[in-house]
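Note sheet for the following structure.
Keep in mind that this is a model prediction, so the values were computed, not measured. In this chain, residues are counted from 1 in sequence order. These numbers come from the heavy atoms of this one structure, side chains and all, not from hydrogens, waters or symmetry mates.
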Amino acid sequence: MLLLTALPMLNGCGTLPNGQRWGQNATLTPGYDRISRAAVNAFCSPGTWAPAIGAAAFSIDDFDERISDWAAEHNPVFGSQQGAQDASDMLRDGLNYWKYATLMATPGGNDPAYWIMDKAKGLLVEVAAQKVNIKSKQWITANAARMRPDLSSHTSFPSGHANNAFGSATLANLNLNSIPMNTTVRHTLQAATWTAAMGTGWARIEANKHYPSDILAAAALANLLTTFIHDAFLGLPEDGIQVGVVPTDEGFELQAVWKF
């Protein structure tokens, strides 16, 4: 509801701070430098390493199973396993729509022809990012063959719902970074987006379909792949972590700079 309420505040006119249009510089040949920087940004993003560490921590002892069993039995948030199942579908689909809404609201200039062309290029990049994310998840699932908590199939790891939801959330929040707005509003919308993604994952646990590590691994994978493809191929002004080797009087040193 918060996200839908915010839609009237977003518009797709204007330009980025550098005077260019969102999607204007999308390319299939980003070059080694941009690809390497995008890879570093994706790996160093808290949205990648934090859930990855969490997934590893839940795998210790039987913590994963105990949390899953407790959530499926008590349903503290969604009231029932069916309610959790319905909520996970609704939140996942809502985030997918929100991703496209934020894309349309990115600055595209005032010329309709350029607006359409640039949005189409940006859309192709973000669709490709989500497709790579989902296909990678499917490959891991087929090879991991982990039984679901309800014993219904061997497709538990990682969670498809969470993978889709966090992929959409990552792209939506990256789009929000390009939309001119009050910083507090942006951070509020981004926090709400992440909350919806986390709610999708928790709903899958309460529905007795996944373990916590399934959700966290899906979140890490989604953030890693969608961030990398977005940053590498969309051609936006660069932010995040940039790493380089700088000459000094004593030789060379490795420097990392966080731009925001």
Side-chain angles (χ1 to χ4, degrees), residues 12-49 52 95-96 98-140 163-164 166-180 190 218-247 252 254-260:
C13 300
T15 59
L16 298 167
N18 64 356
Q20 296 179 337
R21 302 176 302 276
W22 184 92
Q24 176 179 343
N25 295 319
T27 177
L28 293 174
T29 56
Y32 174 79
D33 287 343
R34 178 171 284 277
I35 288 176
S36 60
R37 285 193 294 268
V40 170
N41 288 343
F43 273 105
C44 294
S45 168
T48 298
W49 58 259
L95 284 166
N96 192 43
W98 177 239
K99 171 185 64 184
Y100 292 122
T102 57
L103 183 152
M104 297 300 289
T106 54
N110 298 311
D111 187 310
Y114 283 118
W115 189 96
I116 293 172
M117 180 174 62
D118 294 338
K119 293 293 182 183
K121 292 194 296 184
L123 175 63
L124 286 175
V125 171
E126 296 202 351
V127 168
Q130 188 72 310
K131 288 292 185 182
V132 170
N133 173 45
I134 292 172
K135 291 296 184 181
S136 298
K137 175 268 166 193
Q138 292 172 345
W139 182 86
I140 295 172
N163 178 260
N164 196 312
F166 277 96
S168 293
T170 299
L171 292 170
N173 280 345
L174 289 169
N175 293 339
L176 287 169
N177 284 336
S178 295
I179 302 173
Q190 290 175 329
L221 178 68
N223 189 82
L224 173 67
L225 294 177
T226 55
T227 298
F228 168 70
I229 294 175
H230 175 279
D231 290 355
F233 293 93
L234 202 48
L236 296 177
E238 294 171 2
D239 55 13
I241 295 175
Q242 298 185 17
V243 179
V245 177
V246 179
F252 297 90
L254 184 67
Q255 291 187 352
V257 179
W258 182 274
K259 296 179 64 180
F260 58 93

Any side-chain heavy-atom pair of Glu126 and Leu174 under 4.5 Å
no
Looking only at atom types and distance, does a side-chain atom of Lys119 sit under 3.5 Å from a main-chain N or O of Gly23, one as donor and one as acceptor?
no
With sequence neighbours excluded, tell me which residues meet side chain to side chain contact (heavy atoms under 4.5 Å, CB included) with Ile116.
none
Run Asn177 and Gln190 through side-chain contact (heavy atoms from CB on, under 4.5 Å) and show every step you take.
CA-CA 9 Å; Asn177 284 336; Gln190 290 175 329; 2.8 Å; yes
Partner residues of Ala26 under the side chain to side chain contact (heavy atoms under 4.5 Å, CB included) criterion, sequence neighbours left out:
Lys121, Val125, Leu234
Could you check whether any side-chain heavy atom of Leu221 comes within less than 4.5 Å of a side-chain heavy atom of Phe166, counting everything from C-beta outward?
no
Is there a side-chain contact between Phe228 and Ile35 in this structure, where contact means two heavy atoms from C-beta onward sitting under 4.5 Å apart?
yes
Among residues two or more places apart or on two chains, list those pairs meeting salt bridge (charged side-chain N to carboxylate O under 4.0 Å, His left out) that have a residue in residues 16-27.
Arg21-Asp118
For Ile134, does its backbone N or O pair with a side-chain atom of Asn164 as donor and acceptor, under 3.5 Å?
no
Can you list everything that forms a side chain to side chain contact (heavy atoms under 4.5 Å, CB included) with Leu124? Sequence neighbours excluded, please.
none
Between Trp22 and Pro107 (side chain of the first, backbone of the second, donor and acceptor by atom type, cut-off under 3.5 Å), is there such a pair?
no
side-chain hydrogen bond (donor to acceptor under 3.5 Å, both in side chains) partners for Gln138, two or more places apart
none
Are Val127 and Tyr100 packed together at the side-chain level, in the sense that at least one heavy-atom pair is separated by less than 4.5 angstrom?
yes
Is the side chain of Ser45 donor-acceptor paired with the backbone N or O of Asn41 at a distance under 3.5 Å, no angle test?
no
Once you round to the nearest 0.5 Å, how far does CH2 of Trp98 lie from CG of Asn175?
10.0 Å
Using 0.5 Å steps for rounding, measure from the CZ atom of Arg34 to the OG1 atom of Thr27.
9.5 Å
Tell me, do Thr15 and Gln20 make a side-chain contact under 4.5 Å, heavy atoms counted?
no
Look only at the side chain of Asn223 and the backbone of Ala219, and say whether a donor-acceptor pair between them is shorter than 3.5 Å.
no
Under the rule for side-chain hydrogen bond (donor to acceptor under 3.5 Å, both in side chains), what residues qualify as partners of Ser178, not counting sequence neighbours?
none
Calculate, to the nearest 0.5 Å, the distance between atoms NZ and CG belonging to Lys99 and Leu123 respectively.
8.5 Å
Of all residues at least two apart in sequence or in a different chain, which pass the side chain to side chain contact (heavy atoms under 4.5 Å, CB included) check with Leu224?
Ala42, Phe43, Thr48
Validation row: Leu236, His230 side chains within 4.5 angstrom (heavy atoms)
yes
OG1-CG distance between Thr226 and Leu171, expressed to the nearest 0.5 angstrom:
4.5 Å
In chain order, what residues pass the side-chain hydrogen bond (donor to acceptor under 3.5 Å, both in side chains) check against Ser136, with sequence neighbours excluded?
none
Ser168 versus Gln130, closest heavy-atom pair with distance:
OG-NE2, 3.2 Å
Atom pair CG (Asn173) and OG1 (Thr102), whose distance is rounded to the nearest 0.5 Å:
8.0 Å
